[in-house]
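Below is one structure, written out as structure tokens; comments come after it.
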Amino acid sequence: MVGSSTFSVTVRGCGGHISSRRYTVSIAPAQTAHSVSLKWQSSPTAVSYDLYRSTFSGGPYGLVASAILGTSFVDQSVTAGETYFYVATAWDGTKESDFSNQVIAVVP
């Protein structure tokens, strides 16, 4: 249960001494790590890929990762409750392709 509770503890010694102290215990909601796993088909001429993300359909997109050597990436810099729009590009060693089709990821 999330919340806080305050309580007191009182101790009576055999010599009549009384000591009391108040404590507060707080319980915060658990932090859950979120991520988005992305995979795409390889391009026959690609040597690496760049991944872009936006919180708006159609962009503008910001670079998330560059020079990705494989065809997958895990975006761990996402926020719960957000919807993200991703596109990728392929590099052939000298030039970058156009954006891929957009994919949508809804983070719970």
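Side-chain atoms are counted along with the backbone in the values below, which use heavy atoms only and exclude waters and symmetry mates.
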How would you list, by chain and number, every residue that makes a side-chain contact (heavy atoms from CB on, under 4.5 Å) with Gln41, sequence neighbours excluded?
none
Heavy-atom closest contact (Ala80 atom, Val107 atom, distance):
CA-CG1, 3.8 Å
Taking transitive links into account, so neighbours of neighbours count too, which hydrophobic residues share a cluster with Val47 at under 4.5 Å side-chain distance?
none
Following the transitive rule for hydrophobic clusters with a side-chain heavy-atom cut-off under 4.5 Å over Ile, Leu, Val, Met, Phe, Trp and Tyr, establish whether Leu38 and Val87 coincide in one cluster.
no
Check side chain to side chain donor-acceptor pair (under 3.5 Å) between Thr94 and all other residues, then give those that pass, not counting sequence neighbours.
Asp92
Exactly one of Val78, Val103, Val106 clears side-chain contact (heavy atoms from CB on, under 4.5 Å) with Tyr84, and that residue is Val78
Could you identify which residues cluster with Trp91, counting Ile, Leu, Val, Met, Phe, Trp and Tyr as linked when any side-chain heavy atoms lie under 4.5 Å apart, either directly or through a chain of such contacts?
none
Who are the ring-ring contact (aromatic ring centres under 6.0 Å, His included) partners of Phe85, not counting sequence neighbours?
none
Residue pairs involving residues 99-108 (criterion salt bridge (Lys or Arg N to Asp or Glu O under 4.0 Å); sequence neighbours excluded)
none
Can you get from Ile104 to Val36 by hopping between Ile, Leu, Val, Met, Phe, Trp and Tyr side chains that sit under 4.5 Å apart?
no
Please list all pairs passing the salt bridge (Lys or Arg N to Asp or Glu O under 4.0 Å) test where one or both residues lie in residues 37-64, with sequence neighbours left out.
Arg53-Asp75
Nearest 0.5 Å please: distance from the CG atom of Leu51 over to the CG atom of Leu63.
8.0 Å
Measure from the side-chain N and O atoms of Ser54 to the backbone N and O of Pro60, and report whether any donor-acceptor pair falls under 3.5 Å.
yes
Which pairs, with at least one residue in residues 43-64 and sequence neighbours excluded, count as a ring-ring contact (aromatic ring centres under 6.0 Å, His included)?
Trp40-Tyr49, Tyr52-Phe99, Tyr61-Phe99
Using the side chain to side chain donor-acceptor pair (under 3.5 Å) criterion, which residues pair with Ser57? Sequence neighbours excluded.
Gln102
Quick test of your reading: applying salt bridge (Lys or Arg N to Asp or Glu O under 4.0 Å), list the pairs with at least one residue in residues 93-108, sequence neighbours left out, ordered by first then second residue.
none
Hey, mind stepping through Ser48 and Leu69 against side chain to side chain contact (heavy atoms under 4.5 Å, CB included) and telling me if it holds?
CA-CA 5 Å; Ser48 68; Leu69 299 178; 4.3 Å; yes
